[in-house]
Amino acid sequence: MATIPKQRVSVIGGGGNVGAATAFALIAKGVPAEVLVVDVAEKAAEGQALDISDASFMMPGTCRRGTFKEAGQSDVIIVTAGARQQPNEPRSGLIDRNYSIIKSIMDSLQPIKPTAKILMVSNPVDVLTDIAQKTSGLPRHQVIGSGTYLDSGRLRNALSEITGVSPTSIHAYMLGEHGDNQFTAWSSARIGGRPLLEHPQMKDVDLDSVYEKIQRKAYVIIDAKGSTYYGIGICAATLAEALLNNTSQVFPVVNYVEKFGCYMSWPAAIGSDGVEQSFDVKLNGEESKKLDAAINAIKETCSNYQ
């Protein structure tokens with residue numbers, strides 16, 4: 001009989017595309033954890049778990065269908081469940097449909113392991129992370145969201161094509177809100193220790209055009225195939241890996257930033273305790289205005305779901 005890993009990650013909504021992609025990414029990345037696929041659609045969860053378990057025979061992780069009660073006792077709980085975003089629908093339009101779903105999930109997980117970390121992926125993720133923290137009863141630093149991590153990855157891929165430098169060597173963020181109020185922190189972006197905008201290949205680049213391409217990419221994918229899941233699946237798995245392995249890596253994730261008084265997408269170091277520290281980002285005047293707009297939008301929405 002195979003040895004069951006001591007660490008456990010549960011993927012809520014694992015019967016769907018995003019959840020299944022996340023669970024598969026955890027196994028494929030070699031994360032040494034027991035991965036539970038949990039969903040109210042038990043047959044779908046069973047099928048996904050069985051399929052993913054076939055990919056685990058060469059990996060240290062295992063995969064099976066789990067229950068909500070088992071998920072509540074996991075080390076990391078990834079929530080991907082929620083209503084699907086429709087073509088051309090802003091992420092904010094999902095809030096009413098997803099509020100009751102998230103609240104029901106948190107109730108079903110009780111009692112939640114005191115040291116568990118919750119990773120929200122469902123949209124609108126900034127607001128739903130706030131709701132998850134309030135309804136789960138866990139401390140703020142233990143509840144985070146995937147935020148603009150994927151958006152920042154898309155940005156780095158685009159900049160890599162322009163500069164010819166690996167995306168992993170480009171330090172640039174999409175920040176604020178994972179949605180219509182996100183913005184690019186161009187003034188703080190770096191490549192090789194120098195400002196990104198000083199790179200020769202960036203001289204005549206239309207920054208607004210780059211931003212628009214990143215901003216619209218999810219909508220393009222949704223229009224073409226119904227939903228996005230591979231990119232966010234690898235991002236969620238990477239964040240779970242950081243939480244389990246205490247890597248203290250910095251990611252632009254949804255975390256509660258005391259300075260701004262709300263959950264928002266902002267760089268934070270992630271480790272076994274959740275958010276270890278949040279960082280200041282130097283912004284110019286225009287970017288600061290965009291940050292204020294994002295904060296106000298998040299706070300206004302969150303105030304309706306106390």
Side-chain angles (χ1 to χ4, degrees), residues 5-13 19 22-23 25-26 29 31-36 38 68 70-81 102-103 105-106 109-150 152-153 173 175-178 232-281 298 302:
K6 294 181 180 180
Q7 299 184 106
R8 175 186 289 172
V9 180
S10 288
V11 183
I12 310 298
T22 299
L26 285 163
K29 281 175 64 63
V31 177
E34 180 185 35
V35 179
L36 300 191
V38 182
F68 282 90
E70 287 178 309
Q73 295 304 301
S74 299
D75 298 289
V76 177
I77 304 167
I78 305 175
V79 180
T80 68
I102 298 306
K103 188 176 185 304
I105 287 172
M106 293 304 147
L109 294 174
Q110 299 294 342
I112 298 176
K113 186 176 181 179
T115 58
K117 268 68 67 178
I118 293 177
L119 170 58
M120 295 297 299
V121 176
S122 308
N123 281 315
V125 68
D126 304 88
V127 175
L128 293 185
T129 302
D130 181 84
I131 291 172
Q133 188 274 319
K134 291 173 180 174
T135 55
S136 69
L138 293 179
R140 286 171 174 161
H141 66 90
Q142 289 176 222
V143 183
I144 67 174
S146 53
T148 53
Y149 181 25
L150 175 56
S152 298
Y173 295 123
L175 298 174
E177 175 197 38
H178 174 61
I232 190 58
I234 198 72
C235 286
T238 301
L239 292 172
E241 187 176 33
L243 291 167
L244 290 171
N245 295 342
N246 195 32
T247 65
S248 298
Q249 290 172 273
V250 177
F251 302 96
V253 294
V254 177
N255 62 108
Y256 191 87
V257 184
E258 293 288 347
K259 178 180 178 180
F260 304 126
C262 68
Y263 269 102
M264 59 179 296
S265 297
W266 201 248
I270 304 300
S272 58
D273 289 330
V275 175
E276 296 179 340
Q277 55 181 308
S278 189
F279 295 87
D280 282 330
V281 179
I298 293 170
C302 287

Exercise. Can you list every salt bridge (charged side-chain N to carboxylate O under 4.0 Å, His left out) pair that touches residues 246-257, not counting sequence neighbours?
Worked result: none
For this session: With sequence neighbours excluded, tell me which residues meet side chain to side chain donor-acceptor pair (under 3.5 Å) with Ser74.
Result: Ser10
Problem set entry | For Glu70, salt bridge (charged side-chain N to carboxylate O under 4.0 Å, His left out) partners two or more places apart | Arg64
Problem set entry | Inter-residue atom distance Leu150.CG - Leu239.CG, 0.5 Å rounding | 10.5 Å
Problem set entry | salt bridge (charged side-chain N to carboxylate O under 4.0 Å, His left out) contacts in which one or both residues fall within residues 235-252, not counting sequence neighbours | Lys29-Glu241
For this session: Using the test ring-ring contact (aromatic ring centres under 6.0 Å, His included), find all partners of Tyr149 that sit at least two apart in sequence or belong to another chain.
Result: Phe251
For this session: Please report the shortest heavy-atom distance between Gly271 and Asn246, naming the atom on each side.
Result: CA-OD1, 3.5 Å
Exercise. Taking the side chain from Ser265 and the backbone from Pro252, do they hold a donor-acceptor pair closer than 3.5 Å?
Worked result: no
For this session: With sequence neighbours left out, write down each residue that passes side chain to side chain donor-acceptor pair (under 3.5 Å) with Arg8, or none if nothing qualifies.
Result: Glu34
For this session: Any chance you could measure Gln133, atom CD, to Met106, atom CE, to the nearest 0.5 Å?
Result: 10.5 Å
Problem set entry | By side-chain contact (heavy atoms from CB on, under 4.5 Å) - contacts of Ala240 (at least two apart) | Leu26, Val76, Ile78
Exercise. Got a donor-acceptor contact below 3.5 angstrom from the His178 side chain to the Ser146 backbone?
Worked result: no
Using a 3.5 Å cut-off and no angle test, enumerate the donor-acceptor pairs between side-chain atoms of residues 111-120 and protein atoms at least two apart in sequence or in another chain.
residue, atom, partner, partner atom, Å
Lys113, NZ, Asp75, OD1, 2.9
Lys117, NZ, Thr115, O, 2.7
Lys117, NZ, Ser272, O, 2.6

Exercise. Of all heavy-atom pairs between Ala33 and Leu244, which one has the smallest distance, and what is that distance?
Worked result: CB-CD1, 4.1 Å
Problem set entry | NZ (Lys103) with more than 12 external heavy atoms under 6.0 Å | no
Problem set entry | From Thr129 atom OG1 to Asn123 atom CG, the distance as rounded to the nearest 0.5 Å | 9.5 Å
For this session: For Tyr256, check ring-ring contact (aromatic ring centres under 6.0 Å, His included) against everything at least two apart and list the hits.
Result: Tyr263
For this session: Enter the distance from Leu138:CG to Ile77:CD1 here, rounded to the nearest 0.5 Å.
Result: 7.0 Å
Seminar exercise, completed: Note: Leu128 and Ser122 closest approach over all heavy atoms is CD1-O, 3.6 Å
Exercise. Residues two or more places apart in sequence or in another chain: which of them pass ring-ring contact (aromatic ring centres under 6.0 Å, His included) with Phe279?
Worked result: none
Exercise. Of the non-hydrogen atoms in Ser278 and Pro267, which two are nearest, and what is the gap between them?
Worked result: OG-O, 3.5 Å
For this session: For Gln249 and Ile270, indicate whether the former's side chain and the latter's backbone hold a donor-acceptor pair under 3.5 Å.
Result: no
For this session: Check the pair Ile12, Leu109 against side chain to side chain contact (heavy atoms under 4.5 Å, CB included), reporting the backbone distance first and the verdict last.
Result: CA-CA 10 Å; Ile12 310 298; Leu109 294 174; 4.1 Å; yes
Problem set entry | Closest non-hydrogen atom pair, Ile105 against Ala81 | CD1-CB, 3.7 Å
Problem set entry | Partner set under side chain to side chain donor-acceptor pair (under 3.5 Å) for Thr80, not counting sequence neighbours | none
Seminar exercise, completed: Residues at least two apart in sequence or cross-chain that pass salt bridge (charged side-chain N to carboxylate O under 4.0 Å, His left out) with Lys6, listed by chain then number, are none
Seminar exercise, completed: Heavy-atom nearest pair, Ser136 first then Val143, reads OG-CG2, 4.1 Å
Problem set entry | CG on Leu243 to OG1 on Thr238, rounded to 0.5 Å | 11.0 Å
Exercise. Are Trp266 and Val281 close enough that some pair of their side-chain heavy atoms sits under 4.5 Å apart?
Worked result: yes
